[in-house]
Amino acid sequence: MAARRGGGSGILPHRDIVSLLSHLWALSKNPGELGVSHIGVILGSSPPGMGVKRSLQSGGTMLGFLANSFIVLSTASNYWIRYSGGHSGLWQECNEGICSNIPCDSTLAVTRACMVLAAGCGIMGLVMGLRLLCSEGYSRGQTTCAVFFISGFCFLLADMIMQSTDAISGFPVCL
């Protein structure tokens, strides 16, 4: 079956729908044969010169950029904990407009370390993702995914530690 490439209205003619259904029926008998070319046929046409794999890589890199931006912003923010009269973050505590540095305790140090690791892994994953997109010979997609996964895991770990500390100790983490 020949897949249509390029532009188009996105509406398949009757004969293409019938051939698509017959193709899917054949694949249902042997699902191990489902490959990238079959996915392209199922999903429809893709932009010229950009396959399904490249589209997923670009989307993943853009989402990685967005996630890493939020991780860096949340690491620097002083609004992790809000209470009447002030707010607190990883680095500073503000009471009625006056901010001061928080003395470090062990749980806060672990939270800070996890956030810095998450930001560092996110930046490294972003560089690897951009390198993956820009060069054809570079094939480290699984490594890039693993680095982004480690970044997300470190972020979740830091958030869980901070939330459990907040629930145990009350309002501010360190006084």
Side-chain angles (χ1 to χ4, degrees), residues 10 34-36 39-40 42-175:
L34 184 63
V36 174
I39 293 171
I42 293 169
L43 294 178
S45 61
S46 61
M50 182 176 253
V52 174
K53 183 178 180 181
R54 182 68 74 187
S55 298
L56 291 173
Q57 287 172 346
S58 335
T61 302
M62 294 314 254
L63 287 174
F65 175 76
L66 184 66
N68 198 45
S69 299
F70 286 135
I71 287 174
V72 170
L73 286 174
S74 67
T75 302
S77 173
N78 288 332
Y79 289 91
W80 278 60
I81 302 170
R82 298 181 106 187
Y83 50 91
S84 61
H87 53 87
S88 176
L90 295 176
W91 314 101
Q92 289 185 337
E93 179 182 23
C94 298
N95 287 320
E96 299 181 16
I98 300 171
C99 296
S100 61
N101 290 336
I102 299 175
C104 190
D105 68 355
S106 59
T107 57
L108 188 59
V110 171
T111 304
R112 289 175 179 173
C114 286
M115 287 301 293
V116 169
L117 280 173
C121 286
I123 291 170
M124 189 170 66
L126 187 61
V127 168
M128 291 173 71
L130 290 173
R131 186 171 172 201
L132 188 69
L133 283 176
C134 294
S135 89
E136 286 293 322
Y138 184 76
S139 62
R140 299 278 184 206
Q142 291 177 341
T143 308
T144 305
C145 282
V147 169
F148 275 129
F149 180 80
I150 291 169
S151 173
F153 180 75
C154 287
F155 178 75
L156 288 175
L157 186 63
D159 190 40
M160 286 187 330
I161 292 170
M162 189 68 157
Q163 292 298 326
S164 67
T165 302
D166 179 36
I168 293 170
S169 67
F171 297 114
V173 177
C174 296
L175 291 176

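Between the CE atom of Met124 and the CZ atom of Phe148 there is a distance of 10.0 Å, given to the nearest 0.5 Å. Atoms OG and CZ, on Ser77 and Phe70 in that order, are 12.5 Å from each other to the nearest 0.5 Å. Rounded to the nearest 0.5 Å, atoms OG (Ser88) and OH (Tyr83) are 5.5 Å apart. Leu157 contributes atom CG, which lies 12.5 Å from atom CD1 of Ile150 (distance to the nearest 0.5 angstrom). The distance from the OG1 atom of Thr144 to the CG atom of Leu133 is 9.5 Å, given to the nearest 0.5 Å. Remark: Ser164 OG to Met162 CE distance equals 10.0 Å, nearest 0.5 Å.
Checked options Leu117, Val110, Thr111; the residue passing with Cys114 is Val110 (criterion: side-chain contact (heavy atoms from CB on, under 4.5 Å)).
Considering all non-hydrogen atoms of both residues, Val72 and Ala119 come closest at CG2-CB, 4.1 Å.
In this structure, the side chains of Ser74 and Met115 come closer than 4.5 Å at one or more pairs of heavy atoms. Residues Leu132 and Thr61 fail the side-chain proximity criterion, which asks for heavy atoms closer than 4.5 Å. Between Glu93 and Asn78 there is no side-chain heavy-atom pair separated by less than 4.5 Å.
A distance-only check finds no donor-acceptor pair linking the side chain of His87 to the backbone of Trp80 [under 3.5 Å]. In terms of modelled atom types and a separation under 3.5 Å, the side chain of Trp91 and the main chain of Arg112 share no donor-acceptor contact. Formation of a donor-acceptor pair under 3.5 Å by the Ser151 side chain with backbone atoms of Cys121 is not found in this model.
Within a 6.0 Å sphere centred on CG of Leu66, heavy atoms belonging to other residues, nucleotides or ligands number more than 12.
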